[in-house]
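Below is one structure, written out as structure tokens; the observations come after it.
Quick note: residue numbers are just sequence positions, from 1.
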Amino acid sequence: MRELRSSAFWRAVLAEFLGSLLYALLGLGASLRWAPGPPSVLGAALAFGLAQATLVQALGNVSGGHVNPAITLALLLASQLSLPRALGYLLAQLLGTLAGAGVLYGVTPAPIRGTLGLSALHPGVGPGQGTVVEMLLTAPFVLCALASFDERHNGRPGSAALPIGCSLALGHLFGIHYMGASMNPARSFAPA
């Protein structure tokens with residue numbers, strides 16, 4: 001409980017909130033359709049990957065730049081994160097993505113908003129198939145994050161940014177066609 005009284009703890013929780021807000025704002029914003037025609041899969045994949053990489057780089061020294069409950073839970077299960085910190089991060093990530101989706105909703109014209117980047121199954125893809133694809137995409141992304149955050153990488157969180165961002169973008173390139181490729185429970189929760 002001493003951790004809860006530390007200013008570093010609250011700074012890290014605030015960093016996760018702000019990072020999640022920006023992640024949702026930038027990623028979901030790139031998923032909006034401003035012009036007729038099919039959405040840009042490459043644009044959305046790059047936006048989410050670059051947002052994740054940028055936030056890992058910017059917030060890595062403060063909180064690790066998780067901005068994703070799947071990463072936070074994986075680090076908790078790997079005993080790399082305390083339970084109070086994990087709970088603080090999870091709450092901050094959910095509230096941050098809600099705030100980011102709310103800001104996006106407020107600044108986007110109504111005809112453009114649509115579903116605000118809500119992940120949805122492609123016609124013909126069943127819920128079971130979508131769940132399996134989402135798990136198959138999230139697993140290598142989380143493994144990449146665990147390997148990149150490993151302390152044996154000389155403690156340089158900046159070196160984690162590029163592989164994590166690329167892993168997320170790669171997952172999106174594959175999964176957007178199936179169900180929108182969330183790979184982040186908070187990102188799915190916010191527009192819903």
Measure the spacing between [atom1] of [X] and [atom2] of [Y] and express it to the nearest 0.5 Å.
{"X": "Ser148", "Y": "Leu162", "atom1": "OG", "atom2": "CG", "result": "9.0 Å"}
{"X": "His66", "Y": "Leu59", "atom1": "NE2", "atom2": "CG", "result": "10.5 Å"}
{"X": "Ile71", "Y": "Asn184", "atom1": "CD1", "atom2": "CG", "result": "8.0 Å"}
{"X": "Leu116", "Y": "Thr108", "atom1": "CG", "atom2": "OG1", "result": "6.5 Å"}
{"X": "Gln52", "Y": "Leu22", "atom1": "CD", "atom2": "CG", "result": "12.0 Å"}

Are [X] and [Y] connected in the hydrophobic side-chain network, where two residues link if heavy atoms are under 4.5 Å apart?
{"X": "Leu87", "Y": "Trp10", "value": "no"}
{"X": "Leu104", "Y": "Trp34", "value": "yes"}
{"X": "Leu118", "Y": "Met179", "value": "no"}
{"X": "Leu76", "Y": "Val142", "value": "no"}
{"X": "Val56", "Y": "Leu90", "value": "no"}

Judged by atom type as modelled, is there a donor-acceptor pair below 3.5 Å linking the side chain of [X] to the main-chain atoms of [Y]?
{"X": "Gln129", "Y": "Gly126", "result": "yes"}
{"X": "Gln80", "Y": "Ala78", "result": "yes"}
{"X": "Ser31", "Y": "Gly27", "result": "yes"}
{"X": "Thr97", "Y": "Leu94", "result": "yes"}
{"X": "Ser167", "Y": "Cys144", "result": "no"}

| query | With Ser63, which residues qualify under side chain to side chain donor-acceptor pair (under 3.5 Å), at least two apart? | reply | Glu16

| query | What pairs with Ser188 under side chain to side chain donor-acceptor pair (under 3.5 Å), at least two apart in sequence or on another chain? | reply | Ser182

| Does the side chain of Pro191 come within less than 4.5 Å of Thr115's, by heavy atoms? |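 The answer is no, as the side chains (C-beta and beyond) never meet within the 4.5 Å cut-off.
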
| Looking at side-chain heavy atoms only, is the closest gap between Asn68 and Pro185 below 4.5 Å? |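 Sidechains of Pro185 and Asn68: in contact.
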
With sequence neighbours left out, write down each residue that passes ring pair (Phe, Tyr, Trp, His ring centres under 6.0 Å) with [X], or none if nothing qualifies.
{"X": "Phe9", "value": "none"}
{"X": "Tyr23", "value": "Phe48"}
{"X": "Tyr105", "value": "none"}

| Got a sec, which pairs hit ring-ring contact (aromatic ring centres under 6.0 Å, His included) with one end in residues 173-192, sequence neighbours left out? |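 Sorted pair list: Phe174-Tyr178.
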
| query | Can Ser7 and Arg11 be said to form a side-chain hydrogen bond (donor to acceptor under 3.5 Å, both in side chains), step by step? | reply | CA-CA 6 Å; Ser7 64; Arg11 198 170 337 153; 3.1 Å; yes

| query | What are the two closest heavy atoms between Gln93 and Val67, and how far apart are they? | reply | NE2-N, 3.8 Å

| task | Mind running side-chain contact (heavy atoms from CB on, under 4.5 Å) on Ser119 and Arg187 for me, showing each step along the way? | result | CA-CA 9 Å; Ser119 295; Arg187 173 258 184 263; 3.3 Å; yes

